[in-house]
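Only one structure is covered here, and it is reproduced in the block below.
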Amino acid sequence: MCFEDEAGFTRRPPKGRTWGRRGITPVVKVSGRGSGRVSVAGLLAMRPGSRTRLCHRLRCHTGRKGERRSLSERDYVGLIDGVHQLVKAPIVLVWDRFNTHVSQAMRDLIGARDWLTVFILPAYAPELNAVEYLWAHVEHGLANLASVALDRLATLVRNRLRRLQYRPDVLDGFLAGTGLSLDLPPPSP
């Protein structure tokens with residue numbers, strides 16, 4: 001079973017709490033020059049009897065004219081195919097109603113994979129998606145961090161995600177945060 005979600009990071013850092021001397025408010029200065037965005041698709045894969053895995057796909061967008069500002073259907077399918085190669089089992093995928101997820105092109109790509117079953121979360125239910133907790137954790141780690149370049153920001157996000165790949169206990173905590181029971185019910189007599 002897999003949960004998928006996407007997030008975007010810009011050079012403007014997420015706000016976090018900090019301390020400072022009395023009467024002096026701490027200020028994080030961010031350059032207004034340039035634009036750009038780092039789009040990330042994350043996928044948490046759990047399988048009974050093995051550790052929870054985190055896979056991700058990262059794409060940098062520089063803000064050039066005519067450039068796509070988000071991940072495409074091919075990017076998502078590449079991520080799902082990579083997870084299928086990793087777990088070597090059929091996949092039950094749970095994701096939200098993002099326009100790329102429900103597009104006709106995506107439905108065609110999903111229909112071509114007989115090992116893939118997709119469930120769409122109800123509208124406005126981010127608390128049911130374990131990857132939302134992952135993004136909150138990553139953003140907390142990037143709070144008040146002013147990045148000078150887009151490639152540096154991409155490196156920071158990639159490093160934070162790679163560190164989490166080796167912490168299955170934290171990934172299990174994200175799954176537990178949804179409150180969903182992922183255990184099979186006991187057989188009836």
Side-chain angles (χ1 to χ4, degrees), residues 1-10 14-16 37-59 61 68-143 157 160-161 164-165 167-188:
M1 180 171 214
C2 299
F3 290 90
E4 193 278 337
D5 195 36
E6 56 286 322
F9 298 92
T10 62
K15 292 180 182 177
R37 174 183 178 90
V38 176
S39 295
V40 187
L43 193 137
L44 281 177
M46 61 153 295
R47 184 176 181 181
S50 66
R51 69 180 181 92
T52 304
R53 297 178 181 267
L54 167 65
C55 300
H56 62 277
R57 176 82 34 124
L58 190 130
R59 178 85 49 183
H61 309 284
R68 187 179 173 104
R69 291 194 54 193
S70 64
L71 296 166
S72 68
E73 286 90 351
R74 290 281 175 196
D75 292 323
Y76 290 112
V77 167
L79 176 65
I80 295 166
D81 287 343
V83 170
H84 179 63
Q85 291 288 326
L86 181 70
V87 299
K88 295 176 178 56
I91 292 178
V92 175
L93 179 66
V94 179
W95 61 13
D96 56 7
R97 296 178 183 271
F98 187 57
N99 60 2
T100 309
H101 297 167
V102 295
S103 70
Q104 184 61 43
M106 182 58 82
R107 283 189 294 231
D108 294 341
L109 290 168
I110 290 170
R113 287 155 177 80
D114 59 347
W115 46 264
L116 179 62
T117 305
V118 175
F119 291 99
I120 298 177
L121 288 169
Y124 305 111
E127 67 277 359
L128 296 178
N129 195 341
V131 186
E132 292 284 351
Y133 297 101
L134 168 78
W135 297 137
H137 183 79
V138 171
E139 284 182 3
H140 179 73
L142 296 174
V157 171
R160 298 289 197 280
L161 291 171
L164 284 171
Q165 285 178 323
R167 305 219 23 223
D169 53 331
V170 175
L171 300 177
D172 289 338
F174 298 148
L175 289 166
T178 63
L180 298 174
S181 174
L182 302 175
D183 296 328
L184 295 174
S188 58

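Because the structure is a prediction, the values reported are computed rather than measured.
Checked by atom type and distance alone, the side chain of His56 never pairs as donor or acceptor with a backbone atom of Leu43 at under 3.5 Å.
Applying the side chain to side chain donor-acceptor pair (under 3.5 Å) test to pairs two or more places apart or on separate chains, those with a residue in residues 94-106 are Glu4-His101, Glu6-His101, Glu73-Ser103, Asp96-His101, Gln104-Arg107, Gln104-Asp108. A salt bridge (charged side-chain N to carboxylate O under 4.0 Å, His left out) check over residues 39-49, counting only residues at least two apart or in different chains, returns nothing. For the side chain to side chain donor-acceptor pair (under 3.5 Å) condition, no pair includes a residue of residues 115-124, sequence neighbours left out.
In this view, Leu86 and Arg53, Cys55 satisfy the side-chain contact (heavy atoms from CB on, under 4.5 Å) rule, not counting sequence neighbours. Residues meeting the salt bridge (charged side-chain N to carboxylate O under 4.0 Å, His left out) test with Arg59, sequence neighbours left out: Asp75. Partners of Leu121 according to the side-chain contact (heavy atoms from CB on, under 4.5 Å) rule, which considers only residues two or more places apart in sequence or in another chain, are Val94, Leu128, Asn129. Residues satisfying the salt bridge (charged side-chain N to carboxylate O under 4.0 Å, His left out) test with Asp172, not counting sequence neighbours, are none. Applying the side-chain hydrogen bond (donor to acceptor under 3.5 Å, both in side chains) test to Arg113 and every residue at least two apart in sequence or in another chain returns Asp81. Qualifying ring pair (Phe, Tyr, Trp, His ring centres under 6.0 Å) partners for Tyr133, counting only residues two or more places apart in sequence or in other chains: none. Shown here are the salt bridge (charged side-chain N to carboxylate O under 4.0 Å, His left out) partners of Arg167, two or more places apart in sequence or in another chain: there are none.
The shortest non-hydrogen separation linking Gly42 to Trp135 is N-CZ2, 3.5 Å. Nearest approach of Ser39 to Ser70, heavy atoms of both residues: OG-CA, 4.0 Å. Between Arg160 and Gly141, the shortest heavy-atom distance links the atoms NH2-O, 3.2 Å.
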Starting from the C-alpha separation in whole Å, work towards a yes-or-no answer on side chain to side chain contact (heavy atoms under 4.5 Å, CB included) for Glu132 and Phe3.
-> CA-CA 10 Å; Glu132 292 284 351; Phe3 290 90; over 6 Å; no

Determine, stepwise, if the pair Ile110 / Ile80 fulfils side chain to side chain contact (heavy atoms under 4.5 Å, CB included).
-> CA-CA 10 Å; Ile110 290 170; Ile80 295 166; 5.8 Å; no

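For the atom pair CG (Asp5) and CG (Leu44), the distance works out to 10.0 Å, reported to the nearest 0.5 Å. Between atom CG of residue Leu175 and atom CE of residue Met46 there is a gap of 6.5 Å, rounded to the nearest 0.5 Å. Atom CD in Gln165 sits 12.5 Å away from atom OG1 in Thr52 (nearest 0.5 Å). Taking CG of Leu171 as the start and CZ of Arg51 as the end, the distance is 8.0 Å to the nearest 0.5 Å. The distance from the CG atom of Leu79 to the CZ atom of Arg74 is 14.5 Å, given to the nearest 0.5 Å.
Between Tyr76 and Leu109, the closest side-chain pair of non-hydrogen atoms is not below 4.5 Å.
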